[in-house]
Amino acid sequence: MSAVEHHFGPYGGQFVPETLMPALAELEQEWLAAREDPGYLDELRLLLRDFAGRPTPLYRARKLSERLGRPVYLKREDLNHTGSHKLNNALGQALLATRMGKDRIIAETGAGQHGVATATACALLGLRCVVYMGQEDTRRQRPNVQRMELLGAEVRPVSAGAMTLKEATSAAIRDWVTNVQDTHYVIGSVVGPAPYPALVRDLQRVIGDEARQQIIEREGRLPSRVIACVGGGSNAMGIFTAFLADEQVELVGVEAGGEGIDTPRHGAPLTVGGRPGVLHGARSAVMQDEEGQIVEAHSISAGLDYPGTGPQHAFLRDTGRARYVAVTDEQALVAFKELTRMEGIIPALETAHAIAWTLAQQDGEVDLICLSGRGDKDLAEVLARG
Amino acid sequence: MAEAAVRERRDGAQRLAAAFARPGRRAALMPYLMGGFPSMEESARIALACADAGADVIELGVPYSDPLADGPVIHDAGTRALAAGASLSGVLEVARIASQRLPVVLMCYANMVFAPGAEAFVERLARAGASGLIVPDLPLEESAPVREACERHGLALVPLVAPTSSPERMRAIGALASGFLYTVSVVGTTGERAALSERFGEIVSAAKRSTSVPVAIGFGIATPEQALQAAQAGADGVIVGTRLVRAAAEAQDPAQAVGALVAELAAALSV
């Protein structure tokens with residue numbers, strides 16, 4: 001098997017303080033060994049089945065399909081334990097941490113879904129857990145803060161900058177620089193320095209592997225289009241990966257359009273384009289100013305409120321294998337309510353972006369949407385907006 | 001004479017080597033200051049006060065939105081500098097002023113180096129009179145384009161080694177070091193510590209074994225006693241950052257306050 005990818009075309013790499021370089025090498029070695037080790041793979045497979053509840057169902061959305069005049073399938077990651085796809089990665093990495101003899105786990109979180117998943121994996125495996133979360137996000141995702149604390153994690157609010165995911169990630173990296181000898185950083189998306197983008201993708205590809213088999217069983221064919229929301233982009237990479245070689249399948253990543261991509265208040269670096277940049281250890285599509293200062297993103301959805309994205313997404317965009325579009329806060333809110341009423345499924349605000357884009361498409365044959373998470377955490381935010 | 005000075009200034013590594021060789025010092029004194037903090041004018045005054053107080057090299061930080069290697073004091077200073085309108089051109093003006101007096105090494109995060117392209121960025125630094133460049137999030141594996149640009153423009157690209165670096169890594173990094181080898185004394189971000197790490201002497205020795213350029217030690221050195229200990233452990237240069245940035249943040253007269261601290265450090269390092 002090939003080594004872990006460090007670069008995706010011109011993207012990726014390892015732009016971190018020297019202090020962390022040996023830990024990244026150690027993590028890569030551990031992953032190379034673990035992914036060939038039947039003991040590790042069996043333990044992860046059993047936990048995904050019996051603890052997380054995988055495989056998650058593939059649901060043919062009745063009214064959505066009727067309204068759009070084509071089959072629309074939802075890959076139900078909202079039914080994964082803890083309510084999102086995030087647990088797939090958190091379990092895999094927490095198991096890696098125990099193999100490395102590290103008993104302290106740190107994580108960043110935006111919407112709180114990755115924080116809850118990591119806190120859950122740590123409770124399961126008996127690991128200490130510290131989660132960094134922007135102060136603004138602790139406000140708008142309050143239920144997830146309470147869940148993490150109940151699970152035994154310490155939630156550290158981060159008050160720098162816009163007090164959202166970017167600053168939470170920076171704070172987690174600084175913690176790692178300081179405590180790298182006993183601490184593993186469970187990064188929550190396909191971002192960060194190598195080997196993280198490849199590692200997180202490989203732990204999330206179970207979404208696409210299951211969905212591909214399920215849709216062939218149901219429809220006797222591949223979907224014509226796979227749609228997923230993209231912040232850092234882990235649910236999207238997770239579902240896209242299984243279809244990368246199926247060239248007839250269109251891959252669509254939906255970013256946060258915020259108040260509009262013609263304004264500065266969005267979280268859509270892939271859609272908007274521009275000069276690549278380095279953020280949180282990797283070169284990728286990044287929102288930045290002329291001098292290279294990273295600019296703040298904006299999205300109604302805390303999980304997409306991030307000025308960077310995974311390096312493999314930038315590469316898939318450049319090569320034309322996937323395309324990236326943006327959906328505004330308002331459109332996502334409408335889709336959030338529509339899916340809830342039509343299908344009896346309350347999606348996460350992040351996921352609602354993928355729903356919104358699909359709802360707006362008149363054409364298409366068979367759509368497969370990654371329903372990346374459930375929206376209970378978003379009720380206060382949505383209801384406050386009327 | 002003037003021509004010689006110009007030629008010397010054009011070769012950053014040589015100018016730095018001369019600063020490390022200054023007689024009467026146990027180790028070169030290398031204050032760090034944040035460009036544009038508390039204001040552009042005041043940071044230029046601080047740089048000159050450091051030169052007056054006996055500094056050998058100035059390490060000039062470029063404020064950045066996401067400084068991953070910095071602790072809260074320097075992070076906050078950078079954030080405030082940016083809020084006050086600091087820009088790269090402003091910081092380079094401080095470098096130009098300070099470099100009339102002593103060699104200046106810029107500390108700048110990777111995204112700002114790559115934003116205009118490494119070549120164009122380094123060219124601007126060279127024109128401002130800088131002698132070297134430190135990029136705290138640019139490990140060996142990613143450094144080639146920046147190092148090549150620095151070589152073309154006569155700047156020293158100063159790499160970092162850490163207590164976590166293996167002897168093999170230290171040698172690989174030390175072999176390509178130019179100007180000096182920045183040795184991080186602690187596992188952690190920048191900031192003051194009550195005491196030097198127990199492994200301090202070991203880290204200095206390992207760094208010195210891995211390179212032929214001077215070894216400067218930083219992160220966690222704040223007091224004259226710690227600076228002296230670092231020199232006694234064999235460091236060729238001592239970098240003091242957070243303590244001085246904190247003084248710049250707290251004092252009524254930042255330049256005077258930083259200058260006074262640098263004078264104390266200089267006294268401790270005098271033979």
Check each atom of A:Ile294 against the heavy atoms of chain B and say whether the ones under 4.5 Å are side chain, backbone, both or neither.
both

Part of A:Ala160 within contact of chain B (heavy atom distance under 4.5 Å)
side chain

With side chains defined as the heavy atoms from C-beta onward, is the minimum distance between A:Val177 and B:Val187 less than 4.5 Å?
no

Drop me the distance from B:Ile173's CD1 to A:Met21's CE, to the nearest 0.5 angstrom.
8.0 Å

When the 4.5 angstrom heavy-atom criterion is applied to A:Pro22 and chain B, the contacting part is side chain

Short of 3.5 Å, which donor-acceptor contacts do chain B and chain A share? List atoms and distances.
residue	atom	partner	partner atom	Å
B:Pro63	O	A:Gln293	NE2	3.0
B:Ser65	N	A:Gln293	OE1	2.8
B:Ser65	OG	A:Ile294	N	2.9
B:Asp66	OD1	A:Lys166	NZ	3.1
B:Asp66	OD2	A:Lys166	NZ	2.8
B:Pro67	O	A:Arg174	NE	3.1
B:Pro67	O	A:Arg174	NH2	3.0
B:Asp70	O	A:Arg174	NE	3.1
B:Leu88	N	A:Glu291	OE1	3.0
B:Leu88	N	A:Glu291	OE2	3.0
B:Asn111	OD1	A:Val278	N	2.7
B:Asn111	ND2	A:Gln288	OE1	2.8
B:Asn111	ND2	A:Gly292	O	2.8
B:Ala115	O	A:Arg275	NE	3.2
B:Glu142	OE2	A:Gln14	N	2.6
B:Thr164	OG1	A:Thr19	O	2.8
B:Ser165	OG	A:Glu18	OE2	2.8
B:Arg169	NE	A:Glu18	OE2	2.8
B:Arg169	NH2	A:Glu18	OE1	2.8
B:Gly188	N	A:Val177	O	3.4

What part of B:Pro136 is in contact with chain A, defined as an atom under 4.5 angstrom from a non-hydrogen atom: side chain, backbone, both or neither?
backbone

Please classify the contact between B:Pro67 and chain A as side chain, backbone, both or neither, with a heavy-atom cut-off of under 4.5 Å.
both

